[in-house]
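To find a chain, count down the sequence lines: A is the first, B the second, and so on, and within it residues start at 1. Predicted, not measured: the structure shown is a model, and the values here were computed from it.
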Amino acid sequence: MKPKQLQKKLDRQFYTRDLLTVAYELLGKHLVKKEKGKILSGRIIEVEAYDGSIDEAAHTFIGKTKRNEIMFNIGGYLYVYFTYGNHYCCNVVTGEEGKGTAILIRAIEPLEGISTMIKNRFNRDLLNEKEKFNLTSGPGKVCQALSINKSHYGIDLTGDEIYLIDQPLIDKQNVVITKRIGIKKSVDLPWRFYIKDNPYVSKK
DNA sequence: CCACGGATTGGCT
DNA sequence: GCCAATCCGTGGA
């Protein structure tokens, strides 16, 4: 890790650009969560883009509701939703105000605060070999490991609690662009981006 | 008020 | 690979 003063937080301008551009560029960036002085962070390995204007799988396809309203903000806010009765998933809102676009963070590679993430995920202090890559290899897992829940809905990512740190993408030649998974509508849009061969990529 | 299904996960076959 | 768990948001009556 670089010393703190050399780290550059991604700013509003980064998030307000085109959905797919931001989705691609999120790969390799560091996601940071601060809570009670503890820092939890990881490198973004896998994302999916959602655009309510043309994409039936997006939560904003039905228009603005109380649940999805933050997705219509200008880029740089956190959209957290609850699903399947158990899981939270977090998204980065992108674009200009009113677009209804966001990017689901599907997997990260743990960097800082790993022991806390283990505790958050499994309520234990140690992992067996099988669990090592099970820590943050899915959208629900990422939120559980970082303790992200509905209380973080709408957080401004240019603030100090949850934010992203700029990093060069060292796997540029290893980015895979393919169809999204776990959805039933608009299944053919190639809006899933991940780093090939990284062990934290979620299933398939 | 009620019915339905989901941007998932983990356990079992 | 298959499937149940679990509950809230959404839409229709």
Kindly give the atom pairs (protein nitrogen or oxygen, nucleotide nitrogen or oxygen) under 3.5 Å for nucleotides 7-13 of chain C.
{"from": "C/dT10", "atom 1": "OP1", "to": "A/T65", "atom 2": "OG1", "distance (Å)": "2.3"}

Remember a base hit wins even if backbone is also touched, and classify [X] as base, sugar-phosphate or nothing at under 4.0 Å, heavy atoms.
{"X": "A/R180", "answer": "nothing"}
{"X": "A/L104", "answer": "base"}
{"X": "A/N91", "answer": "base"}

Presence of salt bridge, A/D18 and A/K99, under 4.0 angstrom: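 The answer is no: the pair does not qualify as a salt bridge.
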
Heavy-atom closest pair, residues A/D55 and A/A49: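 Looking at all heavy atoms of both residues, the shortest contact is OD2-O, 4.2 Å.
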
Nearest non-hydrogen partners of A/T60 and A/F72, listed with the distance: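 Nearest heavy atoms, A/T60 then A/F72: CG2-CE1, 3.4 Å.
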
5' to 3' contact window, DNA chain B with chain A (heavy-atom distance under 4.0 Å):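 Footprint of chain A along DNA chain B, 5' to 3': B/dG6 to B/dG10.
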
Distance under 6.0 Å and angle within 45° of ring axis: A/R17 vs A/F14: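 Yes, A/R17 and A/F14 form such a contact.
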
Qualifying residue, where the test is side chain to side chain contact (heavy atoms under 4.5 Å, CB included) with A/K29 and the options are A/I165, A/L169, A/D166: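 The residue from A/I165, A/L169, A/D166 that satisfies side chain to side chain contact (heavy atoms under 4.5 Å, CB included) with A/K29 turns out to be A/D166.
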
5′-ward residue of the pair A/I183/A/F122 relative to DNA chain B: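 The residue whose closest nucleotide sits nearer the 5' end is A/I183.
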
Along DNA chain B (nearest heavy atom to each residue), the more 5'-positioned of A/N134 and A/E48: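 Looking at the nearest nucleotide for each, A/E48 comes out on the 5' side.
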
Full working for side-chain contact (heavy atoms from CB on, under 4.5 Å) between A/W191 and A/D51: CA-CA 10 Å; A/W191 288 359; A/D51 178 352; 3.7 Å; yes

Intra- and interstrand pairs of DNA chain B - dot-bracket, Watson-Crick/G-U under 3.5 Å, | marks other strand: ||||||.|||||.

Worked verdict on A/I162 versus A/L31 for side-chain contact (heavy atoms from CB on, under 4.5 Å): CA-CA 8 Å; A/I162 299 176; A/L31 172 64; 4.1 Å; yes

side-chain contact (heavy atoms from CB on, under 4.5 Å) evaluation trace for A/R67 with A/Y153: CA-CA 10 Å; A/R67 181 200 199 196; A/Y153 181 94; 5.9 Å; no

Residues in salt bridge (Lys or Arg N to Asp or Glu O under 4.0 Å) contact with A/D171, at least two apart in sequence or another chain: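 Salt bridge (Lys or Arg N to Asp or Glu O under 4.0 Å) check on A/D171 returns A/R43.
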
Show every donor-acceptor pair shorter than 3.5 Å between a side-chain atom in residues 82-93 of chain A and any protein atom, with sequence neighbours excluded, or say none if there are none.
{"from": "A/N86", "atom 1": "ND2", "to": "A/Y84", "atom 2": "O", "distance (Å)": "3.4"}
{"from": "A/N91", "atom 1": "ND2", "to": "A/Y79", "atom 2": "O", "distance (Å)": "3.2"}

Side-chain donor-acceptor contacts of residues 135-152 of chain A below 3.5 Å, not counting sequence neighbours, with atom names and distances?
{"from": "A/T136", "atom 1": "OG1", "to": "A/I108", "atom 2": "O", "distance (Å)": "2.5"}
{"from": "A/S137", "atom 1": "OG", "to": "A/F133", "atom 2": "O", "distance (Å)": "2.8"}
{"from": "A/S137", "atom 1": "OG", "to": "A/K141", "atom 2": "NZ", "distance (Å)": "3.3"}
{"from": "A/K141", "atom 1": "NZ", "to": "A/N134", "atom 2": "OD1", "distance (Å)": "2.7"}
{"from": "A/Q144", "atom 1": "OE1", "to": "A/R121", "atom 2": "NH1", "distance (Å)": "2.9"}
{"from": "A/S147", "atom 1": "OG", "to": "A/N120", "atom 2": "ND2", "distance (Å)": "3.2"}
{"from": "A/N149", "atom 1": "OD1", "to": "A/S151", "atom 2": "N", "distance (Å)": "2.8"}
{"from": "A/N149", "atom 1": "OD1", "to": "A/S151", "atom 2": "OG", "distance (Å)": "2.6"}
{"from": "A/H152", "atom 1": "NE2", "to": "A/S147", "atom 2": "O", "distance (Å)": "3.1"}

